[in-house]
Structure formats: C-alpha cells, structure tokens
Amino acid sequence: MPSGLNVVILAAGQGKRMRSRLPKVLHSLAGRPLITHVIEAARALKPARICVVYGHGGEQVPQALPSDGVTFVKQQPQLGTGHALAQALPHLGSGALTLVLYGDVPLIGEETLAAMIAGGGDRLTLLTAELEDPSGYGRIVRSRRGSITGIVEEKDASAEQRKIREINTGIMALPGARLAGWLAKLTDRNAQREYYLTDVVPLALADRVPIANVKVRSTWEILGVNSKQQLAQLERIYQWQHATRLMEAGVTLADPMRLDVRGRLACGADVRIDVNCVFEGEVKLADHVEIGANCVLRNTEVGPGTRIEPFTYIDTARIGAHCRIGPYARLRPGTRLAQEVHIGNFVEVKEAEFGARSKANHLAYIGDATVGRDVNVGAGTITCNYDGANKHRTVIEDDVQIGSDVQLVAPVTIGKGATIGAGTTVWKPAPAGELTVNQKSQVTKPGWKRPQKKKSDS
Ligand code: UD1
Ligand code: CA
C-alpha cells in the first residue's frame, strides 16, 4: 500500500437518462445511494483522503451524504473528466498516488482496486475490460508491440479504432507527483470540447512514465448507471451476489432470485428464508431461524429457533429464542420479546416488552407496555396508550389472563396472576390474583321483531 493514497470520486455529471431531479449518484442501489457503495469500496483501501467531485443537482450530493472523512468539491460548469479531477487537485496535498473512481459505477470490487494501487506511484495504471459490445466507451489503443499508446473516445475514434474491444473503464491510478503537471496540459481540442482525463496517456508516454493496466475479472464491476433499466440490472446483480454469499455461508434460500438485502444481513447456522423477503439496515438471524414468505425485517435481531411466519413486518425489534411471530404480525420499534413468545395474526406491538412464554395470538394492539411472563392476551385486546396528548404505559404482571375484547386504559397496572373478563374496560389498577370485570347485564326482550323493509309503491 503506497503511503498517501488519494481517492477522487467523479460525480458531477447530470445523468439525463435517469429522468429525475435527484442527482444520478444519489439513486439507491440495495437501499443506499450509488455513491455510498463507491465510498465504501474506497474506504476499504484506507486512503489518506477521499474527495467527491459533485456539480449537477446543486448541493444535494453533499447534503445527502455523511461528511466523515470525505471532502466535497464542486465542479461548475462540468467540462469533462480531466476538468473534474483538476477541481479536486488543491484538496489532495502531496499523495503518492491518486485513484480515480466514478460515483455511478457502484459494484467496483475492493480486490480490483487493491490490484490497481499495488503498482504504487511510479506508473499510470488503467482499469480496462474486454467487451463483446464496446460501443460508448473509450477504446484502448496499443502499439504493434502491445504497449498502450492512448485512449480514444468513441466520438473521436476512426471506424478502425471503433472495432477495438478493449475499453477504458475510466477508473485509473495516477502518480501524485505528475498529476498537477499533466492536468495543466490537458486541452479541450476534441469532438466534445471537453477536458479528457484520458489524455494523460500521451503525457505519461512523453514523460516516460510506465503505463500499466489491470483487466477487470467480472464485467459487472465496471458497469455504470445511466438509466433506470441499468439501475435495475445492477440491483439484480448486487442481490445475486449477496444471495450467493449467503448460500455459501450455509443459508437456505427458497429462491435466490427473490431475496432483497438492503443493508447487512448476518445469519447463523441453518437459517431458512422463503421467497420475497426484504431485509433492511442491520438484521441478525441466529441459528435455526426460519423466515416465511413475504416478510420485511428492518434493524432487527432474531433469536435462535424462532419462526417468523409469512407476511410479517418487523421494524427495530429484538426477538428472543424459539418465538413464533405472525403470520400477519406487525412489530414496531421498541419491541423486545423474551424466549418462546407468540405474537399472532393482526397483532401490532410497539415500544413493548414481553416476558418469556407470553402470547398475544390474535387481533391486538399492545403499545407502550410491559408484559410479564406467562401472560395470555386475548383477541381484541387494546392498550389505550394515547389520551390525545400524551402516551402512557400499561404494566401487565406475570401470569395474567386477559379475556377477549379488553381495553386497558393507560396508565394502568394489572397485578400478578389477575384475570380480566371478556369485554372489560380497565381504567383502574386490577388487583393481583383477582378477577376483574365491568358490571354489565344481559337482557332478552321477548317477542321483539326485527324491522321489515317497507314495500315501495313505484
Ligand atoms: C469516460 C471516459 C471513457 C470511458 C468511460 C467509461 C473520458 C474522457 N472518457 O467517458 O474513456 O470509456 O468514461 O464510462 O474520461 N464527470 C464529472 N464531471 C465532468 C464529466 C464527467 O464529474 O465534467 C463524471 C461523471 O459524473 C461520471 C464520470 O465522470 O461519473 C464519467 O463521465 P461520463 O460522461 O459518464 O463518461 P464519458 O465522458 O462518456
Ligand atoms: Ca461525457
């Protein structure tokens, strides 16, 4: 690793074909902006500086990204890749090597970049690829003896040069000591009236700086995003890679094509994931976890042996071992479940703890609550946690039985071992060990008749 590595990420271009007001590099791939993937790949190289050149779309790029360790430099107007790099130059200080990346080429791999910088700061290194269809790319021009003599842009290329299938990916590593001199010599005398960074090749030749190239192993690494179609293609490639890594680690996927990971998914042994599940943020699944079809999990930890049944939505929750959640459950932020808890269909839980073996199996809302151990919450039980202005807590102690259709008007406490009868509205403390019900009576009106629909005249 050369001391003083600078990374410059070019991201000032417009991306017209995205047909969006959002700058291209902020469109999301796997739940994060395109450029965030590039910044992460750069970070893995432990560079001295990371510089992002932005321009199109005003201040949206620096505003959308965390600035830790990244310098943002504005390029206005955008006069080409050489001009873009020149804007970063004053911020680079003395670095042995400057690596240029593109903000819209998000799948670039750390290994490839490591190979790019391995040669150090005494040479110019180009990342190249051999493509079936090279159209649109700058072509690598070589001498008879095979050494690189230039890069010709498609718009400037002769018919003969356009047949060259070896292309410039745009990613290159430049010697720090030469950078300022070379950039000062670039001109815009070409078909696009742009300052081409690719024109450093003849300058390197003139200065007798060796020119090397690294050939990219998988073409998808150098694919750029110019349209929504390409964005969708790269998303699928990314997801396929992710699914492959999970399967290599022993995860069983019902269908690797129907899995979306938008963040980090860590899995223990013998995890099974059915189709159409989405994982967002940081998700951890312990050993023997099973996730049914069509579940969404965000920022959640799931304990060993727990089953998440189909159509369950979980956001920012901690779930213990051997629980059974869903189908059709919704766990909102602040849900913490101990072991062997059952949360069934159409149950919503928010900011609530459940002790071991407690159950809410059907149609309930438990919010801002502390539920003890071995509690059974009946169907239709609602914590009335909101008085229109403030939220209040409900405490349900161990071994409580709550009948169906109960309203718990918070703040309220249900004592240990208490039983609440069906249909009760609890607004005062319910004593431990006792049955609490509301006074209600059932009457029958003998001979009562249902109203009949009147016969209309018309
Ligand atoms: C460039 C290369 C070409 C290569 C191709 C790979 C040059 C002259 N050409 O082509 O050889 O095959 O990339 O995709 O370098 N950008 C700026 N400011 C600018 C212009 C561009 O920041 O003024 C950024 C863009 O946001 C983008 C990258 O540089 O991330 C490349 O720009 P783009 O216009 O896509 O590439 P080309 O110039 O067509
Ligand atoms: Ca261009």
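Counting convention: from 1, in listed order, for ligands and their atoms alike. Basis for what follows: all heavy atoms, side chains included, without hydrogens, waters or symmetry-related copies.
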Residue part near ligand 1, for [X], under 4.0 Å between non-hydrogen atoms:
| X | answer |
| --- | --- |
| T169 | backbone |
| L79 | backbone |
| Q192 | neither |

For ligand 1, which atoms, with element, lie under 4.0 Å from some heavy atom of [X]?
| X | result |
| --- | --- |
| G138 | 3 (C), 4 (C), 11 (O), 12 (O) |
| A84 | 17 (C), 18 (N), 22 (O) |
| E153 | 2 (C), 3 (C), 7 (C), 8 (C), 9 (N), 10 (O), 11 (O) |
| A11 | 22 (O), 26 (O) |
| N168 | 2 (C), 3 (C), 4 (C), 6 (C), 11 (O), 12 (O) |

Heavy atoms from other residues, nucleotides or ligands near [atom1] of [X] exceed 12 (cutoff 6.0 Å):
| X | atom1 | result |
| --- | --- | --- |
| Y313 | OH | yes |
| K16 | NZ | no |
| R32 | CZ | yes |
| R332 | CZ | yes |

Compare Y137, Y196, Y102 and give the one whose heavy atom is closest to atom 1 (C) of ligand 1. Y102

Only heavy atoms count here, so choose which of Q78, R139, E194, H83 is nearest to atom 38 (O) of ligand 1. E194

If the condition is salt bridge (Lys or Arg N to Asp or Glu O under 4.0 Å), which residues does E290 pass it with, not counting sequence neighbours? R307

Does I167 have a heavy atom less than 4.0 Å from any atom of ligand 1? no

Please say whether [X] places an N or O atom under 3.5 Å from an N or O atom belonging to ligand 1.
| X | answer |
| --- | --- |
| G80 | yes |
| A12 | yes |
| L10 | yes |

Would you check if the side chain of E154 reaches a backbone N or O of G136 as a donor-acceptor pair within less than 3.5 Å? yes

Give me the ring orientation class for F72 and Y54: parallel if the planes are under 30° apart, tilted from 30 to 60°, perpendicular past 60°. perpendicular

Once you measure the plane-to-plane angle for Y238 and H37, does it fall in the parallel (<30°), tilted (30-60°) or perpendicular (>60°) bin? perpendicular

Side chain to side chain donor-acceptor pair (under 3.5 Å) contacts touching residues 85-98 (sequence neighbours left out): H83-Q87

